[in-house]
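The next block holds one structure in the form of structure tokens; read it before the comments.
When a residue number appears, it is its place in the shown sequence, counting from 1. Everything numeric here is computed off the predicted structure, so don't read it as measured data.
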Amino acid sequence: MKTDEGKLIDTEMQNSALTKEVHYRFQIYEARMIDHQVNRGDLLYSENVHEVCTILFVNDIDRDNLLLIDTYMPRNQLNHVRKYNLLTHHNIYLPFIDAVVREKGSKIELAIYTLYHGITDDIMSLNSEVVIMMKEKMDQFNEEEELVLAASKR
């Protein structure tokens, strides 16, 4: 996806374990997304390059980081984020979502819960603006034949 500001967002669903290979693969995706924005001979990268964000929905738990959403970006030894950072990665660990929604239920967590479980009667009964928006977006997605075919192939 590309936002109105030009930021590139790659969203992926990973149903297998979060292995070393998966970590490597998504770092390579991020590098490619940055690389594809520039051409040899470009004088000013700042005119052509936009921030890249990857969101990985994982049906696994990272035992070293017991979080629903774990965010990564380049930092220095003082833990400062790189100036003009182009790279942000979010892992969303789906096994946590049921417990989190029961306890807190913020808008982003409710959206993730809806993505994970789909539009069920229980979710629709919440009558939340997030649920209504998610249903509209899912209905729009299902109306786009090319998107539905691409999703079914994956």
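Donor-acceptor pairing under 3.5 Å is recorded for the side chains of T3 and E5. When only modelled atom types and interatomic distance are considered, N65 and D70 share a side-chain donor-acceptor pair under 3.5 Å.
Between L86 and V49, the closest side-chain pair of non-hydrogen atoms falls below 4.5 Å. Here the side chains of P74 and V81 are not in contact, with every heavy-atom distance at 4.5 Å or above.
If you chain together hydrophobic residues whose side chains sit under 4.5 Å apart, I28 and L56 never meet in one group. In terms of hydrophobic clustering, with Ile, Leu, Val, Met, Phe, Trp and Tyr side chains grouped at heavy-atom distances under 4.5 Å, Y24 and F26 are assigned to different clusters.
Between Y72 atom OH and N91 atom CG the span is 5.5 Å, to the nearest 0.5 Å. Distance OH/Y29 to NE2/H89: 11.5 Å, rounded to 0.5 Å. Taking CD1 of I69 as the start and CG of L67 as the end, the distance is 9.0 Å to the nearest 0.5 Å. Interatomic distance, H23 NE2 to L18 CG, rounded to the nearest 0.5 Å: 3.5 Å. Annotation: the span from E51 atom CD to N85 atom CG amounts to 6.5 Å, rounded to 0.5 Å. Rounded to the nearest 0.5 Å, atoms OG1 (T54) and CE (M33) are 7.0 Å apart.
R25 CZ: more than 12 foreign heavy atoms inside a 6.0 Å radius. Heavy-atom contacts from other residues, nucleotides or ligands closer than 6.0 Å to CZ of R75 number more than 12.
Nearest heavy-atom pair, Y45 versus V38, reported as atom, atom and distance to 0.1 Å: CD2-CG1, 3.4 Å. The heavy-atom pair separating M73 from L87 by the smallest distance is CB-O, 3.4 Å.
Not counting sequence neighbours, E136 has no partner by the side-chain hydrogen bond (donor to acceptor under 3.5 Å, both in side chains) test. In terms of the side-chain contact (heavy atoms from CB on, under 4.5 Å) criterion, Y84 has no residue partners (sequence neighbours excluded).
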For side-chain contact (heavy atoms from CB on, under 4.5 Å), just list the numbers for V52 and T88, CA-CA rounded to whole Å, side-chain angles, deciding distance to a tenth of an Å, and then say yes or no. CA-CA 6 Å; V52 167; T88 304; over 6 Å; no
Show your reasoning for whether side-chain contact (heavy atoms from CB on, under 4.5 Å) applies to I9 and I55. CA-CA 7 Å; I9 302 173; I55 303 170; 3.9 Å; yes
